[in-house]
Number of protein chains: 2
Amino acid sequence: MDIHWDDYRAVLAVVRRRTLSAAAQELGVNYTTVARRIARAEAATGEVLFERLTDGYRPTEAAHLVAAYAARMESAEHAMLRGLSGRDARLEGQLTLTAPQLLIAHVLAPALGDFAQRHPAVSLQVRAANEILDLNRREADIAIRISRNPGDTLKGLRLTQQHSACFATPEWATRMQQDPNAPVDWLLYEKQPNLPDGVDNIYPNSRIHMRFDDMVAMAGAAQSGLGVVRMPVFLGRSLRGLVQVPVLSPQPYADIWIVAHSDVWPSARLVAFRDIMVPFFKQKRPLFTA
Amino acid sequence: MDIHWDDYRAVLAVVRRRTLSAAAQELGVNYTTVARRIARAEAATGEVLFERLTDGYRPTEAAHLVAAYAARMESAEHAMLRGLSGRDARLEGQLTLTAPQLLIAHVLAPALGDFAQRHPAVSLQVRAANEILDLNRREADIAIRISRNPGDTLKGLRLTQQHSACFATPEWATRMQQDPNAPVDWLLYEKQPNLPDGVDNIYPNSRIHMRFDDMVAMAGAAQSGLGVVRMPVFLGRSLRGLVQVPVLSPQPYADIWIVAHSDVWPSARLVAFRDIMVPFFKQKRPLFTA
DNA sequence: ATCCATACATGCAAATTCGCACACCAGTGA
DNA sequence: TCACTGGTGTGCGAATTTGCATGTATGGAT
């Protein structure tokens, strides 16, 4: 058996990324190295794994087979790393947190500072991602998420419930209070593409003014007076220049969870992190609810 | 991620074999290389994986964890290799067969010669093993086995049924025929440690003379006149100087199967091999049954 | 038509990895 | 006691692997 397991990994990377260069970037090596590993893998398996095209490597059926099993090997590796991480009793090294940008900026920051101060040997890496990172693949060790349930293979604690409400500049608020028939411009978030329930009844002249794929941008727009936004109350209350608009009562919003893969959940670093976050959110609860 | 997958493989090998040297042999590299890979794995995982003792490496708990997942990676690799092998349509390269020593020697040989002649580009490797090789791990591609069922994850065809009977030198046969009360010495095979059913009634002066763990040795003993042996009829009929002893009627014996892992089953080489073996055994069937 | 970005192939020098030789240690049997 | 076996650690030169620089091809934008 004269094949390196890392050669399988190269096949997997090229099947995924379709070019040597992209695969090389993924693997953190030079692309010529990837080319050579592919060549070795082909020699060892006795199969042609890729068609060399001018715009990339096109995987053959055999390469897909190899890649499928290499992916299994990779997920075994991830499971191993999670297992090692989970039984790690040291309060040192790295800890990667992912959380929504705005939650970090407006709520979490002091708690993170507290954690860093209490555990100076742990270097905290914060990934303020809009997308959901894959905790299986250890893109982060732990996540704070706004969602209805913690996730599938993940373990989680509910940090707090939340309400949402509608916010805008004081001018909008006054206008809406004085004349429900005045036109109301709404700013909508991509992921919640409809007007809040009941708005049409109370403000019949509502219109959808803009749609955003980004909360920060949308909040900025609201602050500039472009319209009314439904958002979690913690956010509306934290943003300078916004007030809650009347009439529409706050509604339940997705809860805030702290989640991690069950394998890494017991690690000392995560225990320490939760020990700070849970009381922190308990104390901050009024900020999140109406 | 700066760890080589082959380092995991080194950890697995050392956990299995307990010494660097043995692991190195398993991996086909120098033992110093294994030592260095272990060191790298420890650096990468941040865990102490082995206690360096004077008589070997003693795995820590962390090493067992790593090894467990590395074993998963290994079995994924084996599955991959089986998959590649199974879709291989070429009638060239290597084909490893395992079968019981005596079956090869006394029955199979001409069929193997036939195969080699018809498919000269396939180099047939024969492993006449007494133990059962692991087809999952590709210790052989295909096996001919004497057993009651083909096996668990394996696919198989029944080549023939079999009978067993009792054989000895003609002297024994004559003596037993003339005087059922004469003492009869039996040679027993380790795996069938009791006298054949009914023997005590017919030959009340039977005694267990010797036990063997090896069929070849036992057959040789029978040929030298040391006693009576129950064996498959094909074997008794093939061995010079033995005759079937009277009175005891032939009994059903475990069937002969040709088995392979279902992944490799469809490969051209295995198809070709079965295409020779199946008719061969059909034609030879009288040899196996009473 | 030309330029540019992006892809792969290849030759060569640098860096890394590997195997060998030797040193050392512990246990075992003569 | 002493040789011997079977284990590990280390230094050094050889072999392998890697990265860089350069060359070539192709498709799209100007």
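All values derive from a computational prediction rather than experimental measurement. We name chains A, B, ... by the order of the sequence lines, and we start the count at 1 in each one.
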For nucleotides 24-28 of chain D, give me every protein contact, N/O to N/O, under 3.5 Å, one pair per line with atom names.
{"residue": "dT26(D)", "atom": "O4'", "partner": "T54(A)", "partner atom": "OG1", "Å": "3.3"}

Output a table of nitrogen or oxygen pairs between the protein and nucleotides 17-23 of chain C separated by less than 3.5 Å.
{"residue": "dC18(C)", "atom": "OP1", "partner": "R37(B)", "partner atom": "NH2", "Å": "2.9"}
{"residue": "dG19(C)", "atom": "OP2", "partner": "N30(B)", "partner atom": "N", "Å": "3.0"}
{"residue": "dG19(C)", "atom": "OP2", "partner": "T33(B)", "partner atom": "OG1", "Å": "2.3"}
{"residue": "dG19(C)", "atom": "N7", "partner": "T32(B)", "partner atom": "OG1", "Å": "3.4"}
{"residue": "dG19(C)", "atom": "N7", "partner": "R36(B)", "partner atom": "NH2", "Å": "2.8"}
{"residue": "dG19(C)", "atom": "O6", "partner": "R36(B)", "partner atom": "NH1", "Å": "3.2"}
{"residue": "dC20(C)", "atom": "OP2", "partner": "N30(B)", "partner atom": "ND2", "Å": "3.4"}

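Contacts of E47(A) classified as side chain to side chain donor-acceptor pair (under 3.5 Å), with partners at least two apart in sequence or in another chain: R87(B). Listed by chain and number, the residues in a side chain to side chain contact (heavy atoms under 4.5 Å, CB included) with T19(A) are S21(A), A22(A) (sequence neighbours excluded). Residues that satisfy the salt bridge (Lys or Arg N to Asp or Glu O under 4.0 Å) test with R52(A), not counting sequence neighbours, are E42(A). Every residue meeting the salt bridge (Lys or Arg N to Asp or Glu O under 4.0 Å) condition with R118(B), not counting sequence neighbours, appears here in chain and number order: D114(B). H106(B) pairs by the ring pair (Phe, Tyr, Trp, His ring centres under 6.0 Å) definition with nothing, not counting sequence neighbours.
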Would you be so kind as to tabulate the donor-acceptor pairs closer than 3.5 Å made by side chains of residues 264-273 of chain B, with sequence neighbours excluded?
{"residue": "S267(B)", "atom": "OG", "partner": "V264(B)", "partner atom": "O", "Å": "3.4"}
{"residue": "S267(B)", "atom": "OG", "partner": "L270(B)", "partner atom": "N", "Å": "3.3"}
{"residue": "R269(B)", "atom": "NE", "partner": "E92(B)", "partner atom": "O", "Å": "3.4"}
{"residue": "R269(B)", "atom": "NH1", "partner": "E92(B)", "partner atom": "O", "Å": "2.7"}
{"residue": "R269(B)", "atom": "NH1", "partner": "Q94(B)", "partner atom": "O", "Å": "3.1"}
{"residue": "R269(B)", "atom": "NH2", "partner": "D88(B)", "partner atom": "OD2", "Å": "2.5"}

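Here the OH atom belonging to Y8(A) is positioned 9.5 Å from the CG atom belonging to D6(B), to the nearest 0.5 angstrom.
Here ring pair (Phe, Tyr, Trp, His ring centres under 6.0 Å) pairs that include residues 16-49 of chain B, with residues two or more places apart or in two chains, number zero. The side chain to side chain donor-acceptor pair (under 3.5 Å) pairs that include a residue from residues 59-72 of chain A number zero, where partners must be two or more places apart or lie in different chains.
Listed by residue number, there are no residues of residues 11-26 of chain B with a heavy-atom contact under 4.0 Å to DNA chain C.
For R211(A) and E190(A), the salt-bridge test fails: no basic side-chain N is under 4.0 Å from an acidic carboxylate O.
In this structure, Q223(A) places its CD atom where more than 12 heavy-atom neighbours from other residues, nucleotides or ligands lie under 6.0 Å away.
Note: CD1 (I38(B)) to C1' (dG9(D)) measures 15 Å, nearest angstrom. Atom-to-atom, CZ of R52(B) to P of dC25(C) comes out at 18 Å; the value is rounded to the nearest Å.
Looking at DNA chain D, the stems built from 3 or more consecutive Watson-Crick or G-U wobble pairs, each pair with its key distances under 3.5 Å, are C:1-30 with D:1-30.
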